[in-house]
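Side-chain atoms are counted along with the backbone in the values below, which use heavy atoms only and exclude waters and symmetry mates.
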Amino acid sequence: MDVSTPLTDFPGVGEVRAKALARLGLHTAGDLVGYFPRSYEDRRERCTIAGAPLDQPVCVEVMLAEEPRLMNIRRGLDVTRMKVVDHTSAMLVSFFNQGYLRQALHRGEEYILYGKVELVGNHRQMTNPHFEPAARPRFTGRIMPVYPLTAGITNHLLAGLVERALEELPPVEESLPEAFRARHRLAGAAESYRAIHFPEDEEALEAARRRFAFEELFYLSLGLALLRERRSRGAGPSFPEADPTGFYGLLPFSLTAAQRRATEEAAADLRSPRPMNRLVQGDVGSGKTAVAAACAWMARQAGWQSAMMAPTELLAQQHFHTLTALLEPAHMTVGLLTGSMRAAEKRKVLSALQSGDIHLVVGTHALLSQGVEFRRLGLVITDEQHRFGVEQRAALAAKANTPGDPADAAPEENFSPNVLVMSATPIPRTLALIIYGDLDVSVIDELPPGRKPVQTFLIGESKRQRLYGFVRAQVQEGRQVYLVCPAVEENPDGAWDLKAVNEYARVLREEVFPDLRVGLVHGKLKARDKEAAMAAFTAGETDVLVSTTVIEVGVDVPNASLIVIENADRYGLSQLHQLRGRVGRGQHQSWCILVSDNRSPDTRARLKVLTETTDGFKIAEEDLKLRGPGDFFGARQHGLPALRVADLNTDTRVLKEAQEAAAGLLAEDPDLSRPEHRPLLERVRRLFDQDPDRFN
């Protein structure tokens with residue numbers, strides 16, 4: 001067997017199971033070894049029925065005292081029940097929807113059960129425990145790995161496959177030099193792979209975890225340091241006179257101290273010959289757009305054009321209107337370019353970009369299209385960076401290498417425009433170091449004066465009528481309301497009882513608020529219909545807007561004072577915080593109502609965080625703890641490798657050591673060109689496989 005051996009060569013893996021394993025990204029023996037557990041179960045000690053502690057997972061060795069009985073409770077739900085005994089007591093065991101166990105378990109035979117013992121009245125019971133024969137236990141008496149699973153794959157099956165792969169594959173080759181491992185107290189590769197799956201004890205598991213966490217963060221730090229180094233060597237459009245003071249005088253309001261600080265940091269970048277690569281990070285409504293406007297103004301003073309890319313047409317249009325109002329007094333022309341514009345409108349904008357008549361263009365992905373050429377692009381601004389891949393940011397920046405005016409000298413090959421990235425998603429500092437590792441970071445950590453914090457409440461379905469009364473009261477006071485649902489159509493398999501936005505809007509219009517103007521917007525509407533619905537709400541022609549998360553970014557309606565989020569437990573905390581940011585943008589007191597009947601203590605505790613703070617950074621820290629960095633932004637949209645082992649909440653010391661190790665290595669060999677370091681460079685290239693050319 002070798003790492004490329006297909007899983008169909010393993011006993012018990014036929015075509016159906018192979019397809020299920022493929023859904024987990026598992027195709028070969030090597031994939032199994034690299035598929036790390038998400039948690040562990042300590043099955044080393046066995047208890048008696050009478051001596052087992054309640055409500056915590058334990059192993060209990062029992063004998064089946066009677067044949068299993070199958071009972072149908074209702075359609076789609078049955079239970080298999082049986083009585084088990086040992087020398088201390090008896091216990092009832094129930095398995096739901098596992099009728100096949102009637103044939104698998106036999107009276108008089110002994111089994112080891114792993115699960116929680118509960119007390120109901122005076123009787124002990126277990127529900128859906130794991131089990132295996134006591135005569136030949138495979139996973140009792142050890143620390144058991146628990147893997148991420150998919151339908152058709154049990155944890156016991158996957159653990160068995162991994163164990164077989166570890167036994168039959170040759171030892172994993174060491175990727176880190178011995179002296180390097182000794183210096184940083186890192187366990188060897190072969191022993192670490194064994195211990196991460198089947199640790200002998202807690203010490204072995206911690207040593208393996210530290211090895212892999214360090215390795216991940218070390219290679220990530222190496223790659224990001226190389227990116228930063230390449231960037232610093234590149235030439236950028238320098239604006240030697242960049243000074244935002246004149247811009248401040250154009251504004252009808254005063255910037256906050258945090259906005260001024262971010263603007264001054266960006267101005268210092270723009271004066272430097274090195275291209276700016278700066279992230280301006282601030283909570284919803286903190287005023288990042290004013291900083292972007294200041295940078296575009298400074299670019300114009302130096303004779304350069306700017307481009308701003310937004311993730312949605314709604315947001316692009318909002319930025320267009322805001323920036324036009326801010327910059328027109330400075331005699332700057334702002335253009336708009338989106339996919340839904342008519343051909344004639346597009347041609348006019350493209351021509352004006354090429355001639356230099358447009359000083360700042362705001363657009364969607366349409367800015368990346370062929371045929372979009374600038375006369376002199378010197379500044380690229382992207383909004384909501386986590387919605388764009390790194391390569392999309394680079395694609396827009398590459399437009400700076402194609403001047404539209406042949407009279408302009410072609411820029412150098414490694415010429416890069418200044419880049420400003422705006423994000424309204426508050427990101428914990430350690431995560432920002434990783435995700436935006438090639439960017440300098442400015443944080444806007446105060447809101448403009450006069451903003452009232454949004455009051456947030458968590459309610460259940462029992463308060464539905466009072467909620468509708470509150471909606472009506474807000475409308476009667478002249479305010480507007482968002483009602484957010486997580487689904488566009490009813491789920492055909494009925495898996496979740498979610499509010500379907502189309503049906504919900506119909507019920508609200510016809511039955512609940514027949515006297516109010518109820519609008520509807522969701523991602524599946526045609527662009528023009530979506531824009532019309534949003535424009536009507538913005539203009540105050542709609543009282544209540546029923547929506548999906550399409551409003552998460554890009555809607556600024558100061559008159560909206562209430563947002564109701566249905567099935568709030570289906571969202572991450574950071575997304576809920578983003579949605580909440582749609583209200584509280586005017587002078588009126590605003591509210592966010594989270595509706596959920598989920599009784600899980602963990603879910604209730606998670607949602608309670610929103611009711612206790614409006615600090616986006618605190619909320620992001622909680623979200624990161626609960627979901628981990630891999631899920632923090634959903635899919636891997638930020639263009640950086642996912643972390644399998646490292647935990648950015650607990651591994652900050654390991655991160656610091658890994659970054660120092662990477663810096664030390666690059667100080668000795670900046671390009672990793674020495675023969676002994678070539679494998680490290682190859683590993684970095686593979687890690688950043690979405691864009692390996694960045695390291696050529």
Side-chain angles (χ1 to χ4, degrees), residues 284 454-475 479-514 516-525 530 533-534 537 542-555 557 560-584 590-600 602-611 614 619 623 626-627 634:
V284 174
V454 178
Q455 293 187 25
T456 305
F457 298 93
L458 173 61
I459 67 169
E461 282 293 331
S462 61
K463 302 283 197 303
R464 171 73 53 190
Q465 293 311 311
R466 284 180 63 186
L467 170 63
Y468 287 154
F470 188 50
V471 169
R472 188 177 292 283
Q474 287 297 297
V475 173
R479 305 286 82 77
Q480 289 165 278
V481 179
Y482 295 105
L483 280 163
V484 182
C485 311
V488 175
E489 293 159 351
E490 290 290 357
N491 195 333
D493 60 9
W496 305 110
D497 179 23
L498 299 182
K499 300 287 180 194
V501 70
N502 287 314
E503 175 61 14
Y504 189 35
R506 185 196 66 75
V507 170
L508 289 174
R509 280 177 181 143
E510 297 175 9
E511 300 173 21
V512 183
F513 302 123
L516 302 184
R517 298 168 299 175
V518 178
L520 171 64
V521 63
H522 56 72
K524 291 189 177 180
L525 283 177
K530 202 187 302 179
M534 288 310 313
F537 190 67
T542 305
D543 301 314
V544 176
L545 184 65
V546 180
S547 169
T548 57
T549 54
V550 70
I551 62 149
E552 181 185 345
V553 292
V555 189
V557 182
S561 62
L562 171 62
I563 184 166
V564 177
I565 304 172
E566 301 281 2
N567 303 103
D569 50 287
R570 304 291 180 213
Y571 301 93
L573 286 182
S574 293
Q575 192 176 24
L576 288 169
H577 180 61
Q578 287 282 301
L579 288 166
R580 175 168 63 181
R582 295 305 104 213
V583 296
S590 294
W591 291 268
C592 172
I593 310 294
L594 308 173
V595 183
S596 173
D597 260 353
N598 190 311
R599 306 312 302 170
S600 158
D602 290 346
T603 300
R604 307 298 291 181
R606 184 169 69 84
L607 294 176
K608 279 285 184 189
V609 171
L610 267 293
T611 68
T614 55
I619 289 161
D623 215 9
L626 292 160
R627 297 198 291 161

Are [X] and [Y] close enough that some pair of their side-chain heavy atoms sits under 4.5 Å apart?
{"X": "L576", "Y": "L607", "value": "yes"}
{"X": "R580", "Y": "T614", "value": "yes"}
{"X": "V595", "Y": "R464", "value": "yes"}
{"X": "L545", "Y": "M534", "value": "yes"}
{"X": "L520", "Y": "Y504", "value": "no"}
{"X": "L610", "Y": "Y571", "value": "no"}
{"X": "I459", "Y": "R466", "value": "no"}

From K530 NZ over to S547 OG, what is the distance, rounded to the nearest 0.5 angstrom? 10.0 Å

Heavy-atom pair with the smallest gap, counting every atom of [X] and [Y]:
{"X": "A560", "Y": "S590", "result": "O-OG, 3.9 Å"}
{"X": "V557", "Y": "Y482", "result": "CG2-OH, 3.6 Å"}
{"X": "K608", "Y": "T611", "result": "O-OG1, 2.7 Å"}
{"X": "V583", "Y": "S561", "result": "CG1-C, 4.0 Å"}
{"X": "A505", "Y": "V518", "result": "O-CG1, 4.5 Å"}

Who passes salt bridge (Lys or Arg N to Asp or Glu O under 4.0 Å) against R517, sequence neighbours left out? D543

So, R604 side chain and R599 main chain: donor-acceptor pair closer than 3.5 Å or not? no

Is a donor on one side and an acceptor on the other found under 3.5 Å between the side chain of Q480 and the backbone of T542? yes

The ring pair (Phe, Tyr, Trp, His ring centres under 6.0 Å) partners of F457 (sequence neighbours excluded) come to none

Matching residue for I593 among L562, I563, I565, L483 - test: side chain to side chain contact (heavy atoms under 4.5 Å, CB included): L562

Can you classify the ring geometry of F470 versus W591 as parallel (below 30°), tilted (30 to 60°) or perpendicular (above 60°)? perpendicular

